[in-house]
Amino acid sequence: MTMQRRTFLSVSAAGAAGLGLSLLGARQGLAAVGPLDTAPTTPFAVGVRRYDWTRGSRPCTTYVYYPATGTPGGNPVTNAPVADGVFPVYNFTHGFQSSPQNSLFIIRALAAAGFIVPAPHFNHTFDDVRNGNTSKDVSQILTQTLALNTSGPLAGHIDTGIGVGVSGHSLGGMITHGLLTSWPDGRIISANPQSCEDMGNPARHAERPTRVITRQRLDPRGGAVADPYDDA
């Protein structure tokens, strides 16, 4: 199985959202206008709901951002009504000692472009990341997010059949990369680990191909460089 990779070193949040949507697609009715393969020309307003999930004794508090009714722009609105449509899931995991709220410039653009974006708030450590616990937490969060399609305010609005996307920055990038390597999740079809250490060799999934948009690492001379990442 080939893991295709597109390299880009600098892209706006809105551009990243558009690229992500073109990769995942939305098979059913974004904003009730029919299937789209690119980001909608008119962005959505963004809503957010908090879920205090767990994996065993491990807290997995997650803010789920989503396309909402209302006027686009501005801050996400807590518990806003979901927009008409069925939307794919694209996770974002923050870096060390950060939070989803500190990454809203990325998360808000993804949700406005038509994604359901589970964004966990971790107090993660490097040990948790290196032993796979946090990657496993994200897998559980993806499962919980997809289950929101069966009941509650997001029911019927989540595309559970297309697969999921994952992304993250720094320590969140390591968590994301772990989901492609040492602790793979076969539901992933698109990934964007940013500015992170290598977490192992790509796993081979029988279920579906995965497209890695970019995997950046920090260059000690300054900035970020993109490494070849050709198969999984």
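Index from 1, following the sequence.
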Within the supplied structure, the quantity of interest is the number of heavy atoms (other residues, nucleotides, ligands) at a distance under 6.0 Å from N79 CG; does it exceed 12?
yes
Ignoring hydrogens, what is the shortest heavy-atom contact between A68 and A80? Give both atom names and the distance.
CB-CB, 3.9 Å
Taking Y51 as the starting point, is it possible to reach V77 by hopping between hydrophobic residues whose side chains are less than 4.5 Å apart?
no
Before you tell me yes or no, could you show the steps for I141 and F122 under side-chain contact (heavy atoms from CB on, under 4.5 Å), namely the whole-Å CA-CA distance, both residues' side-chain angles and the distance that decides it to 0.1 Å?
CA-CA 12 Å; I141 287 164; F122 290 132; 3.8 Å; yes
Filter on salt bridge (charged side-chain N to carboxylate O under 4.0 Å, His left out), then keep only pairs touching residues 136-148, sequence neighbours left out; what's left?
R55-D137, R58-D137
Say whether N91 and T93, considering side chains only, have a donor N or O and an acceptor N or O under 3.5 Å apart.
yes
Heavy atoms, side chains only, cut-off 4.5 Å: are N75 and R108 in contact?
yes
Return the OG1 to CZ distance between T125 and R130, rounded to the nearest 0.5 Å.
10.0 Å
Contact between T143 and R187 at the side-chain level, heavy atoms closer than 4.5 Å - yes or no?
yes
Could you tell me which non-hydrogen atom of F105 sits nearest to which non-hydrogen atom of N102, and how far apart they are?
CE2-O, 4.0 Å
Shortest non-hydrogen contact between Q144 and T54, atoms and distance
NE2-O, 4.3 Å
Nearest heavy-atom approach of S135 to I175 is OG-O, 2.9 Å
D128 side chain to T134 side chain, donor-acceptor N/O pair below 3.5 angstrom:
no
Give me the one residue out of L146, I116, I189 that meets side chain to side chain contact (heavy atoms under 4.5 Å, CB included) with V164.
L146
I'd like to check P100 versus F92 (side-chain heavy atoms, cut-off strictly below 4.5 Å). Are they in contact?
no
Gap separating the NE2 atom of H169 from the OG atom of S103, nearest 0.5 angstrom
8.0 Å
Decide yes or no for L104 and Y65: does some side-chain heavy atom of the first lie under 4.5 Å from some side-chain heavy atom of the second?
yes
Please step through side-chain contact (heavy atoms from CB on, under 4.5 Å) for the pair V138 and L179, ending with a clear verdict.
CA-CA 8 Å; V138 171; L179 289 166; 3.6 Å; yes
Please report the closest heavy-atom contact between C196 and M174, naming both atoms and the distance.
CB-N, 3.4 Å
How long is the gap from OH on Y90 to OG1 on T145, to the nearest 0.5 Å?
14.5 Å
Could you walk me through whether N149 and L154 pass side-chain contact (heavy atoms from CB on, under 4.5 Å), step by step?
CA-CA 6 Å; N149 196 51; L154 298 181; over 6 Å; no
Below 4.5 Å, heavy atoms only, C-beta onward: do T78 and R49 meet side chain to side chain?
no
Derivation of the side-chain contact (heavy atoms from CB on, under 4.5 Å) call for N192 and T176:
CA-CA 7 Å; N192 182 7; T176 301; over 6 Å; no
Would you say the ring centroid of H94 lies under 6.0 angstrom from that of H121?
yes
Ring centres under 6.0 Å, that's the criterion: do F44 and Y66 meet it?
no
Which heavy atom in V86 sits nearest to a heavy atom in G156, and how many Å separate them?
CG2-O, 3.6 Å
